[in-house]
Amino acid sequence: MDERDVALASVWRVVRAIPRGTTLSYGEVARQAGLPRRARWVAVALKAAPPSLRLPWHRVIGAGGRIAFPPGSRLHREQCRRLRAEGREVIGSRVVAAARGTGAADLDAWLWKA
DNA sequence: TGTATGACCCTGA
DNA sequence: CTCAGGGCCATAC
């Protein structure tokens with residue numbers, strides 16, 4: 001098990017821990033995984049994640065609530081669908097910050113502040 | 001070996 | 001809002 005595997009496991013662990021209805025940016029995932037400033041690599045890690053892990057990858061979005069996939073692409077639609085299924089509003093490629101007081105909101109309020 | 005590409009991020013104009 | 005420019009770094013060719 002080399003460094004890469006450890007890093008992959010760290011990222012997956014963080015993503016797996018994102019609560020339902022909440023979102024985390026790539027940069028934040030990287031940071032919480034102990035890989036500061038490696039947001040880009042988080043994308044690689046997600047792409048490399050075996051589907052069998054059933055990671056909630058849809059809860060990982062770009063900074064500022066931006067969906068990272070090209071609008072109209074299959075994955076973009078899939079992510080929108082899953083986020084809305086968890087009660088999040090999505091407008092275009094933007095995931096609207098959750099309103100305060102609705103439970104899962106505090107995290108991203110802190111994240112993309114306001 | 002070198003270059004290009006990308007599910008990124010941030011600042012500044 | 002867009003665009004540019006810097007940083008980041010694994011992968012693919």
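Quick note on labels: first sequence line is chain A, next is B, and so on, each numbered from 1.
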To the nearest Å, how far apart are L35(A) CG and dG7(C) P?
-> 21 Å

With the side chain of Y26(A) defined as its heavy atoms from C-beta on, choose the nearest nucleotide among dC8(C), dA7(B), dT11(C).
-> dA7(B)

Just how far, in rounded Å, is P of dC9(C) from CD of E3(A)?
-> 14 Å

Length of the CD1-C1' vector between I67(A) and dG6(B), whole Å | 18 Å

Given dA10(C), dC10(B), dA7(B), which nucleotide is nearest the side-chain atoms of A43(A)?
-> dA7(B)

From the candidates dA7(B), dC1(C), dA10(C), the one with an atom nearest any side-chain atom of W57(A) is dA7(B)

Spell out, as yes or no, whether a donor-acceptor pair under 3.5 Å connects the side chain of Q79(A) to the backbone of V60(A).
-> yes

Of the listed dC10(B), dC1(C), dC8(B), the closest approach to the A68(A) side chain comes from dC8(B)

Residue whose closest nucleotide on DNA chain C lies nearer the 5' end, A48(A) versus P36(A) | P36(A)

State, with a plain yes or no, whether a side-chain heavy atom of W41(A) is found less than 4.5 Å away from one of L8(A).
-> yes

Toward the 5' end of DNA chain C, which comes first, W41(A) or R66(A), by nearest nucleotide?
-> R66(A)

Report yes if a donor N or O on one partner sits less than 3.5 Å from an acceptor N or O on the other, where the partners are the side chain of R40(A) and the base of dG6(B); otherwise report no.
-> yes

Mind calculating the distance between CD (Q32(A)) and C1' (dC8(B)) to the nearest angstrom?
-> 16 Å

Rounding to the closest angstrom, what is the interatomic distance between dA7(B) and dG7(C) at atom P?
-> 22 Å

Quick one: L24(A) CG to dC9(B) P, roughly how many Å, whole number?
-> 11 Å

Winner on side-chain proximity to K47(A), out of dC1(C), dA7(B), dC9(B), is dA7(B)

Quick one: D2(A) CG to dT11(C) P, roughly how many Å, whole number?
-> 10 Å

Whole angstrom value for the distance that separates P of dT11(C) from CG of L46(A) = 13 Å

Are any side-chain N or O atoms of R88(A) and backbone N or O atoms of V95(A), one a donor and one an acceptor, separated by less than 3.5 Å?
-> no

Give a yes or no on whether the backbone of G64(A) and the side-chain of R94(A) come within a donor-acceptor separation of less than 3.5 Å.
-> yes

Atom-to-atom span, CZ of R31(A) to P of dC9(C) - whole angstrom | 16 Å

Please determine, for the side chain of V44(A), which listed nucleotide (dT11(C), dC9(B), dC8(C)) has the closest atom?
-> dT11(C)

Distance-minimising heavy-atom pair for E86(A) and H58(A) = OE2-NE2, 3.0 Å

